[in-house]
Each structure stands twice: as C-alpha cells, then as structure tokens.
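Below is one structure; the comments refer to it alone.
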Amino acid sequence: MDREAVRRLLRRCREEAERLRPLVAPDPPAAEGEYDEAITRAYARVRSRRPEIRGVSRRLVERGLELLRSRPLDEAAAELRGTPLVEALLQRSFEERYRDPGAMLELALFARLGADHLKPGEHEPEVIADLQARAWAELGNAHRVNGDLGAAAHAFTVAEERLARGTGNLLLLARLAELRASLLSSRRLFSDACGLLESVHRIYESLGDRHLAGRALVKLGIYTDYYGEPAEGMRLLKRGLADLDRERDPALVVSATENLLELMVRCGEYGRARRVLLESGLRRALEGQPLNLLKLRWVEGHILAGLGRPARAEVAFEEVRAGFQEHGLTYRAAIAGLDLAAVWLEQGKAEPVEELAKEMLATFRGLGIQREALRALDYLNRACGSRQATPGLVRRVGRFLRDLEREPQLRFA
C-alpha cells in the first residue's frame, strides 16, 4: 500500500505540472532548466489568484498564534473562527513537534476538525480542499510522531483525496509528499522514502524555496543513513543544513545539527565533530531540555572516546547513563552503559564490565525486553565471564541495540 502511495504521489506531481503548463505558454519548454523555470512561474500565477484571502488571513493567523501561545485552547478558539483558526492551529502544532508530541497531536486534530467544518461560502471549494488536505496530512504526521502508524496511513489517504479536489498547489503537493516520506521511513521503507524525498527536493528547488529544499535534503540524509549509507547520509545532511534558514525554523537547525554530529561520529570524523559541537551553540539552544542535553552529552562522550581520551569519555558516559536511569529510560541507559564498558576495557578495567553485563542482563530479563536484545546481552555476559570481552565487541553489541530500536526485525549473529 505504501509503495502504491509513492507511485501515486509521483504521478500526481507529473500531472500537476502538466495541468499548470497552460498558465505559462502554449508550447512546452524545450530544456529541463526552462521547464523548472516554467513551473516556478506557473505556481506564482496560481498563488496570486487569491492574494486578498492570504493578506487578510495572515494578520488573523498571527493573532491566533498569539492567543494559542498564551491561553488555553478553548479560550483561544472562542475568539477566532474559520480559516485563520485552522492555519494558526496547524502552525502551533508544527511548533510542538520537538517539545510535546501529545500537544502536537491535539492541535492537529482540532485543525482537522476546523478544516472539515469550513462553510462552502467562505472560500472557493478548491481553496477549502487545499486546507483540508494540509490539515489531514499534518494530523497524519502527528499520529506518526505519536507511534500510531495505522491512524497516520488513514489520515494520509484522506489528505490525498482532498488534494485531488484542490487548486494544484505544488507547495502543498510537496509538503504532503514530504510527510508521506516520513511515514514510509517509520515503516522502514527507506528506499521508497528516499525516492520520494528526492522528488520533493526537486519541487522545492523549482519553486525557489531554498529553506524547504534544505529541509528535504536533511531528511533525505537521515533516511539514507537508515538505509545503510552513513557517509552519503552525512554528505546530504551537510548540504541540507547549509541551505536552512536559521530564523525561519531554529528548531530544525538544532535537530539537523544533532543528527549531523551523530553521523560524523559514526563515520569517524571525531575532530570535525568536536569543532561543530564547539561552534554550533547547541548547549545554549537546548537549555531547559534535559533529555536533549543528555543526548548531546552522549555524543560528546563518543567524540572524546574517538579522540583517544577514555577517562573524559568515561565521565560523560557515566553522567548519561545515570541521567537516563533517572528518567526511567532503561533501554537507553543500558546502551550508554555499554559505551561506558568499552572505555573501561580500554583502561584495563575488566571487573566492573563483568558486573555491568550481569546487571543489564538481569534488568532486561525482568522487563521482558525482546528476545534478540537478550541474546546480544547474554553473549556479552558470557564473553565477560570468560574474560574475552573487548572494546570492539562491547561496541558491536551497543550498535546492535541501537539499530534494534529502529528495526525490531533484526537478528543478533
């Protein structure tokens, strides 16, 4: 079903381009560059057909955002109606994606309800269909972020139906395809997700939106890594990050930089990663976000270990492990514990590694963690018991547990 959705969206992209051509010229452009320019002009004309609606709505949307940021949802909604309320809810939902997934979902749900109850007389039917497509797509993405992939797939199906009744807005088409790619990735269809994002990137580039094109490249880099090509993923992430507008979406820049640091570590670029960490201002940007600061400290521990400073890496990993335990994140604490064990072994501290392996195995058995994770930890425990554990083996088990979070079908060999 997801693969068919990919084909449908790509076909829709071509159909929309064909439909917009008459707005530009009677004859098709001769070369690829001219074609991209034609699409850009066509979209500008379609967008300019309703400037009065956009001008009025923008002021009301800003007012709605002020209300939603400062008051409870029901009070804010009482002062706003129609399109401005839906637009404000969608933007507010987007702002919560890194902070509060539950709030993101609630706001997207109210936006969808508002869009579906817009009165036909308010705007042309095609304009209403566009807004409904956006609302259903953002709701689908919120369901995905909250782990309900079935509800997400249903929401995207409805969004695509609404899209077919809309104005042919290429930005909307690209946004829906971008979010669909995220769902494909969550279903571990990484090849399909990457193919769809390549098309999204081309659309954003043809429309001259460098920031959105960069956002597509950032996601493409992440999914390329998931597909098993970390070096290529890192290259794409660097390109995408360079195109992002920091003022337009500072949270995305922070998230992309974190992902880039992790990939640099995985690719062994410890010196460059250290420079990025020092120059990025991430610690300041993540103030008030204890879990994200823990993850950043975790990356720093890997950088220190990679630079040959095991004693300092040990301190970092101990902090991270204790922090995850305090937050009840036992699985993450175990992985950080394995990083700690690796630097212990590098310093000749075999006894605490053996105790740690026993402790983690007992904890995971008590929690009913899946069988493959237990197999990996049992293997490590036996290696420690016979004093055959090495830093490389410990890190291999740690990498397996990380990958198992994303791909539960993996088997430990």
Tell me, which pairs form a ring-ring contact (aromatic ring centres under 6.0 Å, His included) where one or both residues lie in residues 226-261, sequence neighbours left out?
->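 Checked against ring-ring contact (aromatic ring centres under 6.0 Å, His included) - neighbours excluded - the pairs reaching residues 226-261 are Phe190-Tyr226.
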So, [X] side chain and [Y] main chain: donor-acceptor pair closer than 3.5 Å or not?
X	Y	answer
Ser185	Arg188	no
Asp243	Arg210	no
Tyr331	Leu401	yes
Asn169	Leu171	yes
Gln132	Ala115	yes
Thr224	Glu229	no
Asn381	Leu377	no

Going through the distances and angles, do His302 and Asp339 end up as a side chain to side chain contact (heavy atoms under 4.5 Å, CB included)?
-> CA-CA 8 Å; His302 283 290; Asp339 291 328; 3.1 Å; yes
Do the non-hydrogen side-chain atoms of [X] and [Y] ever get within less than 4.5 Å of each other?
X	Y	result
His327	Leu291	yes
Trp298	Ile335	yes
Val145	Leu105	no
Leu261	Leu296	yes
Glu124	Ile128	no
Arg180	Leu197	no
Arg371	Leu374	no
Glu95	Gln91	yes

To the nearest 0.5 Å, what is the distance between [atom1] ([X]) and [atom2] ([Y])?
X	Y	atom1	atom2	result
His117	Leu85	NE2	CG	13.0 Å
Leu294	Leu286	CG	CG	11.0 Å
Met360	Thr363	CE	OG1	8.5 Å
Cys194	Lys219	SG	NZ	12.5 Å
Leu252	Thr257	CG	OG1	9.0 Å
Leu338	Arg396	CG	CZ	12.5 Å

Side chain to side chain contact (heavy atoms under 4.5 Å, CB included) between Leu176 and Trp136, worked out = CA-CA 9 Å; Leu176 200 155; Trp136 274 98; over 6 Å; no
Is any side-chain N of the basic residue among [X] and [Y] closer than 4.0 Å to the acidic one's carboxylate O?
X	Y	answer
Arg248	Asp209	yes
Arg92	Glu96	yes
Glu138	Arg175	yes
Arg215	Glu178	yes
Arg134	Asp130	no

Looking at [X] and [Y], what are the two nearest heavy atoms and their distance?
X	Y	result
Ala174	Ile203	CB-CG2, 3.8 Å
Ala333	Gln325	CB-CG, 3.6 Å
Leu90	Ala135	CD2-CA, 3.8 Å
Arg365	Asp378	NH2-OD1, 3.8 Å
Ala216	Tyr204	CB-CD1, 4.3 Å
Glu346	Pro391	CG-CG, 3.7 Å

Near [X] [atom1], under 6.0 Å, is it more than 12 heavy atoms from other residues, nucleotides or ligands?
X	atom1	answer
Arg284	CZ	no
Arg402	CZ	yes
Glu247	CD	no

Apply salt bridge (Lys or Arg N to Asp or Glu O under 4.0 Å) to Lys238 and Glu269, showing your working.
-> CA-CA 13 Å; Lys238 286 178 180 178; Glu269 293 195 3; 3.6 Å; yes
Per-pair distances, 0.1 Å, donor-acceptor, side chain in residues 307-324, under 3.5 Å, sequence neighbours excluded:
| from | atom 1 | to | atom 2 | distance (Å) |
| --- | --- | --- | --- | --- |
| Glu314 | OE1 | Gln347 | NE2 | 2.9 |
| Glu314 | OE1 | Lys349 | NZ | 3.2 |
| Glu314 | OE2 | Trp344 | NE1 | 3.1 |
| Glu314 | OE2 | Lys349 | NZ | 3.3 |
| Glu319 | OE1 | Arg297 | NE | 2.8 |
| Glu319 | OE1 | Arg297 | NH2 | 3.4 |
| Glu319 | OE2 | Arg297 | NH2 | 3.4 |
| Arg321 | NH2 | Glu359 | OE2 | 2.9 |

Determine, stepwise, if the pair Asp225 / Arg266 fulfils salt bridge (Lys or Arg N to Asp or Glu O under 4.0 Å).
-> CA-CA 10 Å; Asp225 169 44; Arg266 288 185 57 196; 2.6 Å; yes
Who are the salt bridge (charged side-chain N to carboxylate O under 4.0 Å, His left out) partners of Asp249, not counting sequence neighbours?
->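 Residues passing salt bridge (charged side-chain N to carboxylate O under 4.0 Å, His left out) with Asp249: Arg97.
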Scan side-chain atoms only and decide if Ser182 and Tyr223 contain a donor-acceptor pair under the 3.5 Å cut-off.
->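 Per modelled atom types, Ser182 and Tyr223 side chains form a pair under 3.5 Å.
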Decide yes or no on side chain to side chain contact (heavy atoms under 4.5 Å, CB included) for Thr167 and Leu172, but give the supporting numbers first.
-> CA-CA 10 Å; Thr167 64; Leu172 176 59; over 6 Å; no
Between Met264 and Ile303, does a side chain to side chain contact (heavy atoms under 4.5 Å, CB included) hold up when you go through it step by step?
-> CA-CA 9 Å; Met264 292 175 89; Ile303 293 171; over 6 Å; no
Given Arg399 and Asp403, is the salt bridge (Lys or Arg N to Asp or Glu O under 4.0 Å) satisfied, shown in steps?
-> CA-CA 6 Å; Arg399 280 195 301 271; Asp403 293 342; over 6 Å; no
